[in-house]
S.K.: 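The following block contains the structure, expressed as structure tokens.
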Amino acid sequence: MFGLAKEINKSKAWKRLEHQAKRMRKIEMRDMFDKDPERAKKFAVGLENIFVDFSKNRIDERSFAALLNLAKEAKVAKRIEQMFAGDKINTTEHRAVLHTALRNRGNAPVYVDGRDVMPEINRVLAKIKTFSEAVRLGKFTGQTGKKLTNIVNIGIGGSDLGPKMAAEALKKYWAKDIRCYFISNIDGTACAEVLNKLDPETTLFIVCSKTFMTIETLTNAKTCRRWLVDALGEPAVAKHFVAVSTNVEKVAEFGINTDNMFEFWDFVGGRYSVWSAIGLITAIAAGYENFEKMLEGAYEMDRHFRTAEPAKNIPVVLALLSVWYGNFFGIRNHAVVPYDQYLCYLPAYLQQLVMESNGKSVGQDNKFVKYQTAPVVFGGAGTDVQHSFFQMIHQGTSVVPCDFIVPAISHNEIGEHHEILLANVLAQSEALMRGKTLQEAAAELKAAGKSKEEVARLKKYKSFKGNRPSNMMILKKIDPHALGMLVAMYEHKTFVEGVIWNINSFDQMGVELGKQMALQILPELQGNREGTKHDASTKALISLIRGLRK
Ligand code: G6Q
């Protein structure tokens with residue numbers, strides 16, 4: 001049995017939190033900092049490679065204790081063990097959830113239906129090692145004997161966002177002559193713009209699809225195949241195409257030699273698959289040792305998650321804070337702002353992780369939930385986004401809790417760049433927390449020589465309410481180990497949120513309806529079938545587009 005039988009919002013722990021939130025609404029963070037010199041130490045956790053300061057949140061010891069009590073009520077510790085043990089916690093699809101086994105560097109057996117999955121995982125890892133090294137050394141070459149230096153990942157959703165985020169994050173580690181490309185969208189432009197840059201003789205395509213049935217990926221793969229065959233002939237496919245999938249038959253049917261196939265398993269969800277062969281492009285570009293270091297980082301976070309007490313357990317604490325704002329302060333969004341260019345795809349990756357995992361309305365008890373689940377996640381790289389949506393984060397009517405992520409040392413320490421970047425991220429979180437009172441704004445205007453009238457007219461515009469929460473995550477450097485820790489931290493945070501909300505974080509049925517309807521509309525757009533039942537708007541749009549395309 002997974003999930004809670006009783007509705008969590010009817011529990012004593014929940015009621016206590018409602019009471020605590022009412023109390024905390026009247027308390028300003030800046031006052032809590034003034035009163036308690038130990039606050040920064042109390043609400044922070046440091047692990048080897050990552051330091052998380054969560055003291056700039058609207059919590060004190062009592063409210064934090066009440067949050068920890070909610071984790072207890074939701075049986076978080078037990079659920080964590082059930083996940084690691086391979087219990088079928090993806091209850092709607094009756095599957096185990098074992099992305100943690102992919103990075104189980106201790107190699108202790110992990111059982112699914114009585115079978116240890118570690119030997120299979122290790123076999124595929126060895127294959128990734130051999131193949132990635134052969135490509136990097138130019139031992140596995142293209143049809144004409146040239147080195148394969150352009151690596152193209154064809155995949156979408158979980159088969160794109162993870163590898164794209166990880167490969168970009170580790171760009172500094174790429175072999176000098178290797179370039180990575182990603183084709184995901186069905187929009188022909190995505191394919192055309194990548195292919196235009198490439199030379200077939202030096203291009204390797206990795207077709208990533210768990211099911212090998214996804215229309216975008218198969219259509220893109222077919223187009224790339226045709227492009228290659230037109231240039232180099234049919235036999236070239238075996239030297240320029242590999243596949244990552246759970247579906248051997250479909251891979252063979254597509255015409256990829258199954259010797260060139262890297263397997264993964266249905267106990268790995270798409271958005272949790274970057275640790276599997278789906279991460280092949282990262283292993284090729286950054287080297288297998290670095291891919292392995294990323295797994296080791298994730299493994300370290302796994303051990304922390306399994307063993308640390310809840311108050312010092314980073315993913316548990318982050319999840320509780322998210323629940324705190326979402327369910328007790330009515331806050332509906334969350335921003336992720338990495339201050340590191342190499343992490344520019346992390347917000348998009350987390351958008352899927354969080355919103356596809358927890359954007360659900362039906363609980364494990366088969367009832368519609370009566371509380372908010374996943375927030376809207378958005379973000380972008382700092383300092384860029386300071387010049388776009390930060391206006392709202394500082395002065396808008398919605399409160400947006402932020403995660404700031406920054407390395408102390410940059411891979412590119414040029415002049416003062418990194419110090420300016422660091423000063424900015426620290427300033428943002430302090431500014432959000434402290435704000436600027438009307439009196440402070442007025443005093444500042446006066447000091448700048450403004451007239452009395454101008455001070456009175458401008459002080460509200462220049463004031464900041466403050467008391468806006470953020471977490472600060474400081475990494476030493478964005479290296480493979482730290483990246484592994486960071487990503488695993490977010491996976492586990494998402495899991496704990498799902499446990500508390502009593503939902504299954506591992507299915508994604510909400511993506512199906514639109515897909516089904518697109519299949520109906522396609523022949524109608526192509527003029528091969530006349531309208532099935534549509535609303536008047538859809539009908540008119542189909543006919544308008546048909547007219548425009550004539
Ligand atoms: C992720 C989802 C989804 C999936 C894509 C691609 O958790 O399941 O984003 O990764 O739909 O699916 P395939 O890998 O099967 O092509």
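As the structure lists them, so they are numbered: ligands from 1, and atoms in each ligand from 1.
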S.K.: Can you say whether the rings of F84 and F305 are parallel (under 30°), tilted (30 to 60°) or perpendicular (over 60°)?
M.R.: tilted

S.K.: So, for F262 and F131, is the gap between ring centers shorter than 6.0 Å?
M.R.: yes

S.K.: Does an N or O from G158, backbone or side chain, lie closer than 3.5 Å to an N or O of ligand 1?
M.R.: yes

S.K.: Run down the list V511, T214, I154 and name the one with the heavy atom closest to atom 12 (O) of ligand 1.
M.R.: T214

S.K.: If hydrogens are left out, which of K515, E216, Q352 has an atom nearest to atom 3 (C) of ligand 1, that is, the closest non-hydrogen atom?
M.R.: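 Checking each option, the heavy atom nearest atom 3 (C) of ligand 1 is found in Q352.
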
S.K.: Is it true that D113 and K88 have a side-chain N and a carboxylate O under 4.0 angstrom from each other?
M.R.: yes

S.K.: Quick one: are C402 and P469 in side-chain contact, heavy atoms under 4.5 Å?
M.R.: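 No, every pair of side-chain atoms sits at 4.5 Å or beyond.
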
S.K.: Is there at least one pair of N or O atoms, one from S209 and one from ligand 1, spaced under 3.5 Å apart?
M.R.: yes

S.K.: Using side-chain contact (heavy atoms from CB on, under 4.5 Å) as the criterion, point out the one residue from L102, T100, L125 that pairs with W275.
M.R.: L102

S.K.: I need the nearest protein heavy-atom contact for atom 6 (C) of ligand 1: residue, atom name and distance, please.
M.R.: I156 O, 3.2 Å

S.K.: What residue and heavy atom of the protein are closest to atom 15 (O) of ligand 1, and at what distance?
M.R.: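 Going atom by atom, the protein heavy atom closest to atom 15 (O) of ligand 1 ends up being T211 OG1, 2.6 Å.
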
S.K.: Is atom 9 (O) of ligand 1 in close reach of the protein, with a heavy atom under 4.0 Å away?
M.R.: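 Yes; the ligand atom in question has protein heavy-atom contact below 4.0 Å.
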
